[in-house]
There are 2 protein chains.
Amino acid sequence: MGPGYGNGQGRGRGRGRRWGQQLENHGIRPTAGRELVFSVMRETEAHLSADDVFQEVRKIEPGIGLTTVYRSLELLYQNGLVNKFDFGDGRAVFELSDRYSEKGPHQHLICRSCGKILDLTGFRAEEKSFAEGMKNHVDKEYGFAAEGMAIKIYGLCSDCRKE
Amino acid sequence: MGPGYGNGQGRGRGRGRRWGQQLENHGIRPTAGRELVFSVMRETEAHLSADDVFQEVRKIEPGIGLTTVYRSLELLYQNGLVNKFDFGDGRAVFELSDRYSEKGPHQHLICRSCGKILDLTGFRAEEKSFAEGMKNHVDKEYGFAAEGMAIKIYGLCSDCRKE
DNA sequence: TTCACTGCAAAGAATTTGCATTGCC
DNA sequence: GGCAATGCAAATTCTTTGCAGTGAA
């Protein structure tokens, strides 16, 4: 597979190149596949499964295999560029790490009845100070270097609540 | 796994009967298998995989099948009696819901390097007020009835940090 | 040339499902 | 008797791995 993916497709050529430097900053050699996976993650706010990412990547560069997508996502996850979740349906979903996302820190509301997942925003200030306190606490007490925090709230969504 | 699982204070299946009423309160018909699964969950503070629970249940009642354990855990989860997590290794782990646990609310520290999971306590007061605020917020903004909250903190544990 | 990266197909695991049987109300 | 629960084994699904080809430094 050669360079030149992204020609005329998607958001324009060179789509993934923009992020090559960012990958290198994390010690990740910026290959075509990795840049594409990362660019897909950077350009969505949604929670994507490995296969979702694969489908997106394919539209731009059909030669990329599912295995590469899995390996790239794992690499990005290990380096803290994306988050990895399992919301209970047996498959992992990924989203861009808070630190790179314009969406910023947010929480997830998970309905235990219908399984729906909502993004919760608008609680930034409180979360921020809470997170700061938490970070200091785990550093002091456990020597743990906190990098990110994920909050899930379980319960019933408004629809299921009515029943 | 906690000691004393076997047939501890024995009485065979009577063991689980203690929680039968609790299951009924949730509309769950208290069968032998379900009571056993729930009693195993009630008597440990650990994070158990479906197979872990199966092994424990087996010690008491060898006739119970893995399928029943899966189905029971799912039922308990759907009814909010246990939490279900995936810490990234591809299998689900369960723990007793905060509301039934003596351990009370707690958080999880997950090392992204070695995968180790630590239980974090000692942050109760702060978490409690944070959780309260959060509950009100999601109720007002999303009509979401929050029942539980799970906080995961990602980063490097003290061991991996040294490297 | 060297070595990491990749694609493909096979392997591996965890979880779910089909179906006949069992057991409680 | 009727219906939900269960056990067993097969089936599904998601994810990882083995291996040889390919490309970049």
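Per chain, numbering begins at 1; letters A, B, ... match sequence-line order. If you're wondering where the values come from, they're calculated on a predicted model, not measured in any experiment.
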Results of ring pair (Phe, Tyr, Trp, His ring centres under 6.0 Å) for H47(A) - residues two or more places apart only: F87(A), H108(A)
V93(A) vs T68(B), nearer the 5' end of DNA chain D by closest nucleotide: T68(B)
Under-3.5 Å donor-acceptor pair between T67(B) side chain and dA9(D) base: yes
Contact under 4.0 Å: T31(B) side-chain N or O vs dT6(D) OP1/OP2: yes
Residues from residues 69-79 of chain A lying under 4.0 Å of DNA chain D - heavy atoms: Y70(A), R71(A)
N/O (side chain, R34(A)) to phosphate O (OP1/OP2, dC5(C)) under 4.0 Å: yes
Options dT15(D), dT15(C), dC5(C), nucleotide nearest the side-chain atoms of R91(A): dT15(D)
Residue pairs passing the side chain to side chain donor-acceptor pair (under 3.5 Å) test where at least one lies in residues 64-76 of chain B, sequence neighbours excluded: E74(B)-Q78(B), E74(B)-K84(B)
Test item: R34(B) side-chain N/O and R29(B) main-chain N/O as donor-acceptor pair under 3.5 Å: yes
Counterpart residues, salt bridge (Lys or Arg N to Asp or Glu O under 4.0 Å), relative to D51(B) (two or more places apart): none
Residue pairs, two or more places apart or on separate chains, that pass side chain to side chain donor-acceptor pair (under 3.5 Å) and touch residues 128-142 of chain B: R161(A)-D139(B)
Residue list, ring pair (Phe, Tyr, Trp, His ring centres under 6.0 Å) with Y77(A), at least two apart or on another chain: none
Closest listed nucleotide, where the reference is the side chain of L66(B) and the choices are dA5(D), dC5(C), dT15(C): dT15(C)
